[in-house]
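Down below is the structure, laid out as structure tokens.
These numbers come from a predicted model, not from an experiment. As a basis for the values below, the full set of heavy atoms in this structure was taken, side chains included, without hydrogen atoms, waters or symmetry mates. Counting starts at 1 for both ligands and their atoms, following the listed order.
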Amino acid sequence: MGVRGGGAGRLVLRDVRVPQRYALGGINQGFEVFVRMMIPERLGTAAMTLGSVRPAIEIATRYTSKRKAFGLPIQHFEAVGFKVADSVMLLDAARSMVYSTCLAVDSGKVHPGRVRRMVSQSKKFVTEAAWEIANKCMQTVGGIGYTNVYPLERIVRDIRLSMIWVGTNEIMQLIIQNEWYKEYFKVLAKEDVRDVEQDAVNADDEEEKIYE
Ligand SMILES: Cc1cc2nc3c(=O)[nH]c(=O)nc-3n(C[C@H](O)[C@H](O)[C@H](O)COP(=O)(O)OP(=O)(O)OC[C@H]3O[C@@H](n4cnc5c(N)ncnc54)[C@H](O)[C@@H]3O)c2cc1C
């Protein structure tokens with residue numbers, strides 16, 4: 001469908017013998033290597049998706065400032081201009097998320113579980129934001145945006161893969177959920193943590209708190 005510069009093929013390994021000296025990270029340590037490599041793989045996808053979708057906003061901005069209806073460039077109709085506004089906002093939010101995650105990874109000081117959560121959040125948030133941006137921008141360019149007169153159709157095809165590869169966004173949700181619950185209950189176990197449930201007027205009404 002897209003990413004035609006890449007391509008994908010089937011690789012079958014059957015009865016392959018690998019000399020011990022070629023074992024990466026040691027025997028039976030493949031999962032560790034995989035988990036480590038998924039940090040640059042997933043954060044890299046998030047970062048490159050920012051770059052893949054930015055041209056869609058540029059094309060939409062240029063087209064809507066030139067194309068006229070009722071004597072006005074269509075950027076002045078809110079149904080059009082607001083789509084560009086939301087796209088710019090989403091791209092900036094997505095970029096901020098990638099930058100803060102990169103800072104956390106580079107610092108080497110953030111707990112590996114938190115890093116896994118932040119990287120998964122960046123991959124999911126950025127790729128879904130990019131999908132929304134690409135579609136909004138195509139909408140503002142109308143019918144010609146769907147043709148190959150503009151590269152918008154290629155951007156839409158390419159970005160669709162980013163929600164699937166290097167681990168689907170459903171798998172990102174699983175990681176985020178797992179890491180968040182672990183992280184939160186670790187914090188809650190500390191003695192000096194503020195119990196936010198006590199902020200309610202009737203916080204002491206224990207009989208109303210039914211969990212089973
Ligand atoms: C063109 C192309 C290039 C690729 N390049 C790369 C690459 O460079 N690097 C890389 O790592 N991968 C790459 N991939 C592979 C991609 O990562 C996998 O396709 C992807 O991880 C999904 O695995 P799957 O296809 O086996 O889907 P399946 O595992 O069959 O999943 C099918 C659906 O079920 C959902 N699902 C499966 N298990 C669960 C679960 N436990 N909980 C919730 N939902 C679940 C998935 O989210 C998905 O929606 C590429 C794929 C393509 C098509």
[X]/[Y] ion pair, N-O < 4.0 Å:
X    : Y    : value
R95  : D92  : yes
E183 : K186 : no
R157 : E153 : yes

Within the 4.0 Å heavy-atom sphere of ligand 1, strictly under, residues: A8, E41, L161, I164, W165, V166, G167, T168, E170, I171, L174
Pair T64, T140: side-chain N/O donor-acceptor within cut-off below 3.5 Å: no
E208 and N202 side chains, donor-acceptor separation under 3.5 Å: no
Residue pair V84 / A60: nearest heavy atoms and the distance that separates them: CG2-CB, 4.3 Å
